[in-house]
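See below for the structure under consideration.
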Amino acid sequence: MVDSFLSQDEIDQLLNADSGSSSSNENAGGEVDGGIKPYDPHTQRRVIRERLHSLEIINERFARQFRMGLFNLLRRSPDITAGNIQIQPYHEFARNLPVPTNLNLLHLNPLRGTSLMAFSPGLVFMAVDNLFGGDGRFPTKADGREFTPTEQRVIHRMLSMAREAYEFAWSTIYKIKTEYIRSEIQVKFTNITSSPNDVVVTTPFSVEIGSHRGEFNICIPFSSIEPLRELLSNPPMDNSRYEDANWRGLLASQMRETQLELVASFAGVETRLSNVMQMKKGDVIAFDKQELIEASVGNVPVLKAKYGSVNNQYALKVEQMVQPALSSLTKD
């Protein structure tokens, strides 16, 4: 009986479990003794291990094409650099956006969902300053204000060029068509994901003109490009079409040498099992003679033919091909 009672030390440990467990049972990395980590289903992010090689190619091609558009607009040579692709929850991406940021919501048809093209205020002010002949000596401060009508017109011109360049960059991988929805300056009005913890794929771009620098980001929900996951992970080779044509030609030539069993059905008679059980040697089964006999391979009708003999051997004379796809094999 004495062994069933708790000691004073055990009672103290139970009373101080909430306050002292973090210091005694957890280490600095948040792990419990034994290597066990706490699990929170609301904050767990998806683990995406493969690298999106094709999307990197698209971003590099977009940067080159958009650079030419900015040069035609500003008449100055910008330097655009595509950053590393980041796969992160949407709330982490939104948390790092400056205020105000021009947030443009786009549809990438035929992909599902809404994507985001965000122009930082530094990029907008730099474009406006260069467009009106400035050299950046008098930097513009945002101070949380909204963009002026003039700045919005410049933004729409840059967005139009960016949409055209992005469609061109995707053209060799997958055909898309961008559709402009609306613009916002507060991230809380851009509900491109159903939950702040949903995973998005973001790519930062840096624009430099002289000593001045601006940034913009392209944010796509991972659920939108998940159907293209295999295509974006494995970039298509330039000679893939040529190799596919050779492979199909080789496969077709090998298929012509395949041995098949051709079965010709002369007649079919419907009867009952009781009649079959009563049959004996010498009984005669009557059936109608068919003009054309159907021949099949693996229970698949292939041709219709007439029955006869050639050189004292039973033979079938082909009258009609049932499968149109097989008629192309007779050309050779």
Side-chain angles (χ1 to χ4, degrees), residues 51-88 92-106 108 115-142 147-148 150-174 176 178 180 183 185 187 200-220 225 232 235 238:
R51 185 176 175 183
L52 303 178
H53 297 278
S54 296
L55 192 57
E56 294 177 357
I57 297 174
I58 291 172
N59 292 333
E60 293 292 340
R61 188 175 297 159
F62 165 73
R64 293 194 299 267
Q65 190 71 14
F66 188 47
R67 177 185 176 275
M68 292 187 291
L70 280 183
F71 174 78
N72 294 331
L73 174 65
L74 305 178
R75 294 304 174 183
R76 296 191 62 180
S77 180
D79 186 13
I80 302 179
T81 305
N84 295 327
I85 297 175
Q86 300 177 5
I87 301 177
Q88 58 187 345
E92 291 188 7
F93 165 75
R95 182 177 56 193
N96 297 323
L97 292 176
V99 179
T101 297
N102 174 248
L103 306 170
N104 302 285
L105 282 73
L106 305 173
L108 303 182
S115 301
L116 199 64
M117 188 172 291
F119 294 141
S120 68
L123 175 63
V124 176
F125 300 151
M126 181 179 64
V128 173
D129 186 66
N130 281 271
L131 185 63
F132 288 94
D135 55 3
R137 288 183 296 176
F138 306 101
T140 305
K141 294 183 179 180
F147 293 106
T148 64
T150 301
E151 293 168 344
Q152 292 179 3
R153 291 187 60 184
V154 176
I155 289 172
H156 283 295
R157 293 181 64 178
M158 289 195 302
L159 179 61
S160 178
M161 293 184 299
R163 289 173 52 195
E164 183 179 354
Y166 205 56
E167 293 175 3
F168 172 80
W170 272 83
S171 60
T172 57
I173 305 296
Y174 187 80
I176 66 168
T178 60
Y180 174 73
S183 296
I185 61 173
V187 71
V200 293
V201 180
T202 62
T203 305
F205 294 87
S206 174
V207 181
E208 296 182 2
I209 301 178
S211 59
H212 305 284
R213 184 173 179 270
E215 295 180 351
F216 68 97
N217 294 270
I218 297 178
C219 177
I220 305 175
I225 62 174
L232 295 178
D238 294 336

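Position 1 is the first residue of the sequence; numbering continues from there. Computed from a predicted model, the values in this text were never measured in an experiment.
- Side chain of Gln152 to backbone of Phe147: a donor-acceptor contact under 3.5 angstrom is found.
- Inter-residue side-chain proximity for Gln86 and Phe93 is flagged as unmet; no heavy-atom pair is nearer than 4.5 Å.
- With rounding to the nearest 0.5 Å, the separation of CZ in Phe216 from CD1 in Ile80 is 5.5 Å.
- Put simply, CG on Leu55 and CD1 on Ile87 are 8.5 Å apart, with the number rounded to the nearest 0.5 Å.
- Judged as a salt bridge (charged side-chain N to carboxylate O under 4.0 Å, His left out), the pairs with a partner in residues 164-174 (not counting sequence neighbours) are, in order, Glu167-Lys177.
- Qualifying side chain to side chain donor-acceptor pair (under 3.5 Å) partners for Ser160, counting only residues two or more places apart in sequence or in other chains: none.
- In this structure, CZ on Arg213 lies 8.5 Å from OG1 on Thr81, to the nearest 0.5 angstrom.
- Side-chain contact between Tyr166 and Leu106: absent, with no pair of heavy atoms (C-beta onward) separated by less than 4.5 Å.
- Two residues are said to be in side-chain contact when any heavy atoms from C-beta on lie closer than 4.5 Å; Phe71 and Ile209 fail this criterion.
- Exactly one of Ile85, Val201, Leu52 qualifies for a side-chain contact (heavy atoms from CB on, under 4.5 Å) with Leu232. That residue is Leu52.
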Evaluate the criterion side-chain contact (heavy atoms from CB on, under 4.5 Å) for residue pair Thr178 and Leu108; output intermediate values, then yes/no. CA-CA 5 Å; Thr178 60; Leu108 303 182; 3.6 Å; yes
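- When the side-chain contact (heavy atoms from CB on, under 4.5 Å) test is applied to Arg153, no partner is found at least two apart in sequence or on another chain.
- To the nearest 0.5 Å, the span separating CD on Glu151 from CZ on Phe125 amounts to 5.0 Å.
- Here the closest heavy-atom approach between residue Leu123 and residue Phe119 is recorded as CD2-CD2, 3.8 Å.
- A distance of 5.0 Å separates CG in Leu70 from CE in Met161, rounded to the nearest 0.5 Å.
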In a table with atom names and distances, give each donor-acceptor pair under 3.5 Å that connects a side chain of residues 94-103 to protein atoms at least two apart or in another chain.
from: Asn96; atom 1: ND2; to: Glu92; atom 2: O; distance (Å): 3.1
from: Thr101; atom 1: OG1; to: Pro98; atom 2: O; distance (Å): 2.3
from: Asn102; atom 1: OD1; to: Asn104; atom 2: ND2; distance (Å): 2.6

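- Aromatic pair Phe205/Phe62: centroids less than 6.0 angstrom apart.
- When every heavy atom of Asn84 is checked against every heavy atom of Pro204, the shortest pair comes out as O-CD, 3.4 Å.
- With sequence neighbours left out, Thr150 forms a side chain to side chain donor-acceptor pair (under 3.5 Å) with no residue at all.
- Listed by first and then second residue, the side chain to side chain donor-acceptor pair (under 3.5 Å) pairs involving residues 58-70 are Asn59-Thr203, Arg61-Thr172, Arg67-Ser77 (not counting sequence neighbours).
- For Met126 against Gly214, the heavy-atom pair with the smallest separation is CE-N, 3.9 Å.
- Expressed to the nearest 0.5 Å, how far OG1 of Thr202 lies from CD1 of Ile218 amounts to 10.5 Å.
- The side-chain heavy atoms of Leu131 and Leu73, taken from C-beta on, include a pair separated by under 4.5 Å.
- More than 12 heavy-atom neighbours from other residues, nucleotides or ligands sit within 6.0 angstrom of CG on Asn72.
- Nearest heavy-atom pair across His156 and Tyr180 is CE1-OH, 3.6 Å.
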